[in-house]
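Excluded from the calculations below are hydrogen atoms, water molecules and symmetry mates; all remaining heavy atoms, backbone and side chain alike, are included.
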Amino acid sequence: MDKGNATTGFILLGLFDHTRAHLFLFVLVLTVAFNSVVGNALLLLLINQDRRLHTPMYFLLSQLSLMDMMLVSIVVPQMAAGYLMGKNYISAAGCGFQIFFFLTLGGGECFLLAAMSYDRYVAICHPLRYPVLMSWQLCLRLTLGSWLLGAADGAMQAAATMSFQFCSRHEIDHFFCEAPVLLHLACGNTSAFEFVMYICCVLMLLIPFSLILASYGLILTAVLRMRSTEARKKAFATCSSHLTVVGLFYGAAAFSYMRPASARSANHDKVVSAFYTIVTPMLNPLIYSLRNSEVKGSLRKCLARCSALRSKDTLVGLDLAGATKEKGIQ
């Protein structure tokens, strides 16, 4: 084994090779990433502009969109620069910051999804007490707690991972710095830390997921007791959107972080990481907008307003052109 040395940086081997098939996949990934950023930005704009969406539920959804936008932004630019310009080098500090922000956003999203499930539980099971049980003060505390717990996990794992000495070959078989992949380059014995990291990831995933399952178990019981078919359909529509997002996120995260090291494959890790860092953030705004009548109504209202402004600008331009023409004739 090579002796450990002071690490100045790493080489990211990337997700794609320079072949025609991989070029097509690269363009596809960039398109998905662009749509992810635009979709989440649009959802943030709609929630901010439409006062009907100024509720705890949509505030939590706006935080989810913000996390997804940031997640794409810390991964895709580095990958694109490496593929297009050959800038595969990343400094040790940059690698540590990438691990920190990635785990902060991923861990924060785990707890945020649990907070969103509690919000739906209160709205459906205790609608009359919703302003009390899901007050703005509690909503802000849940949001802040999600960010802080994610940041604590990210800081701990990033600091511990970067504290190891790495062997002379600093090539990471990935398209961004991820703690489990980086540990393969460490020269020392990392088994104790890997075990602690595994337990930490299991707790970060299972505790929020258990709360989500409990909330939706109670919601399902309440929905089945509803006499109104319309109310039942509305409850199912709202909850199915959230459950779809939960399934996509937790399924990919569990596959990536809860497998033992012996069952890992570099290619599988890359594909799964690409799914929950690029594809899932694009699907979230689509799922919530297509299954939510309030978001679709706000989008139609926004488009109508933009169309009206465009028509007004066109009429003003025609009036100015007509006035200029009459002035020239005179």
message: Give me the atom names and distance for the closest heavy-atom approach of S163 to A160.
response: OG-O, 2.6 Å
- prompt: Is the number of heavy atoms from other residues, nucleotides or ligands under 6.0 Å of F97 CZ greater than 12?
  reply: no
Side-chain heavy atoms of V196 within contact of I199, under 4.5 Å: no
task: Might you confirm whether atom CZ of R141 has over 12 heavy atoms from other residues, nucleotides or ligands at distances under 6.0 Å?
output: no
task: State, yes or no, whether a side-chain contact exists between V295 and D50 at a heavy-atom distance under 4.5 Å.
output: no
- prompt: Given E109 and F249, is the side chain to side chain contact (heavy atoms under 4.5 Å, CB included) satisfied, shown in steps?
  reply: CA-CA 9 Å; E109 196 161 327; F249 179 80; 3.6 Å; yes
message: Angle between ring planes, Y121 versus H126, binned at 30° and 60°: parallel, tilted or perpendicular?
response: perpendicular
message: With clusters defined by side-chain heavy atoms of hydrophobic residues (ILVMFWY) lying less than 4.5 Å apart, directly or transitively, does L13 cluster with V271?
response: no
- prompt: Stepwise, does the side chain to side chain contact (heavy atoms under 4.5 Å, CB included) test hold for Y130 with D119?
  reply: CA-CA 9 Å; Y130 183 83; D119 171 79; 2.4 Å; yes
field: Inter-residue atom distance M282.CE - F275.CZ, 0.5 Å rounding
entry: 9.0 Å
field: Rounded distance (nearest 0.5 Å) linking atom CZ of F102 with atom OG1 of T104
entry: 10.5 Å
query: Which value, rounded to the nearest 0.5 Å, describes the distance between R300 atom CZ and L46 atom CG?
result: 11.5 Å
Between CE on residue M197 and CE on residue M204, distance to nearest 0.5 Å: 13.0 Å
- request: Indicate the atoms forming the closest heavy-atom contact of S117 with L211, along with that distance.
  value: OG-O, 4.2 Å
Validation row: I278, V29 side chains within 4.5 angstrom (heavy atoms): yes
- prompt: Closest approach of P208 and C110, non-hydrogen atoms and distance?
  reply: CB-O, 3.4 Å
query: Are the aromatic rings of F176 and H174 close, with centres under 6.0 Å apart?
result: yes
task: Start with the C-alpha gap between F16 and F175, add the side-chain angles, then the distance that decides, and say whether ring pair (Phe, Tyr, Trp, His ring centres under 6.0 Å) holds.
output: CA-CA 9 Å; F16 303 111; F175 60 97; 8.2 Å; no
task: Taking atom types as modelled, find out whether E194 and T190 have a side-chain donor-acceptor pair closer than 3.5 angstrom.
output: yes
field: Residue pair L64 / L112: nearest heavy atoms and the distance that separates them
entry: N-CD2, 3.4 Å
- request: Not counting sequence neighbours, list each pair that qualifies as a ring pair (Phe, Tyr, Trp, His ring centres under 6.0 Å) and has a residue in residues 201-228.
  value: F209-Y250, Y216-H242
- line: For L103 and Q157 the tightest heavy-atom approach is CD1-CB, 3.5 Å
query: So, for M162 and A92, which heavy atoms are closest and what is the spacing to 0.1 Å?
result: CE-O, 3.4 Å
- prompt: Looking at side-chain heavy atoms only, is the closest gap between L105 and I74 below 4.5 Å?
  reply: yes
query: Going hydrophobic residue to hydrophobic residue with side-chain gaps under 4.5 angstrom, can you get from L84 over to V72?
result: yes
task: Could you tell me whether the side chain of S146 reaches within less than 4.5 Å of the side chain of Q63, counting heavy atoms only?
output: no
message: As an exercise, state the distance from NZ of K270 to OG1 of T277, rounded to the nearest 0.5 Å.
response: 13.0 Å
task: Could you tell me whether the side chains of S273 and E178 share a donor-acceptor contact shorter than 3.5 Å?
output: yes
message: Hydrophobic clusters here meaning ILVMFWY residues chained together by side-chain heavy-atom distances under 4.5 Å, can you tell me if V38 and M67 are in one?
response: no
Evaluation steps, side chain to side chain contact (heavy atoms under 4.5 Å, CB included), between W147 and F111: CA-CA 8 Å; W147 281 99; F111 291 104; over 6 Å; no
- prompt: According to the ring pair (Phe, Tyr, Trp, His ring centres under 6.0 Å) rule, which pairs have a member within residues 39-60, sequence neighbours left out?
  reply: F59-W136
statement: Residues pairing under disulfide bond (SG atoms under 2.5 Å apart) where one sits in residues 19-103, two or more places apart or in two chains, turn out to be C95-C177
- request: Assess whether atom CZ of F34 is packed by more than 12 heavy atoms of other residues, nucleotides or ligands within 6.0 Å.
  value: no
message: Is there a side-chain contact between D17 and F26 in this structure, where contact means two heavy atoms from C-beta onward sitting under 4.5 Å apart?
response: no
task: Any chance you could measure L45, atom CG, to S62, atom OG, to the nearest 0.5 Å?
output: 12.0 Å
- prompt: Hey, does N284 have a side-chain heavy atom less than 4.5 Å from the side chain of T280?
  reply: yes
- request: Indicate yes or no: at least one non-hydrogen side-chain atom of R52 is less than 4.5 angstrom from one of E294.
  value: no
query: Side-chain heavy atoms under 4.5 angstrom apart, residues restricted to Ile, Leu, Val, Met, Phe, Trp, Tyr: same cluster for L218 and L128?
result: no
- prompt: Between the side chains of S191 and N189, is a donor N or O closer than 3.5 angstrom to an acceptor N or O?
  reply: yes
query: Can you list the steps and then say if C200 with M156 is a side chain to side chain contact (heavy atoms under 4.5 Å, CB included)?
result: CA-CA 10 Å; C200 185; M156 180 189 70; 3.7 Å; yes
message: Distance alone, cut at 3.5 Å: any donor-acceptor contact between the side chains of Y83 and N88?
response: no
query: Is it true that L44 and I47 fall in one hydrophobic cluster, defined by side-chain heavy atoms closer than 4.5 Å?
result: yes
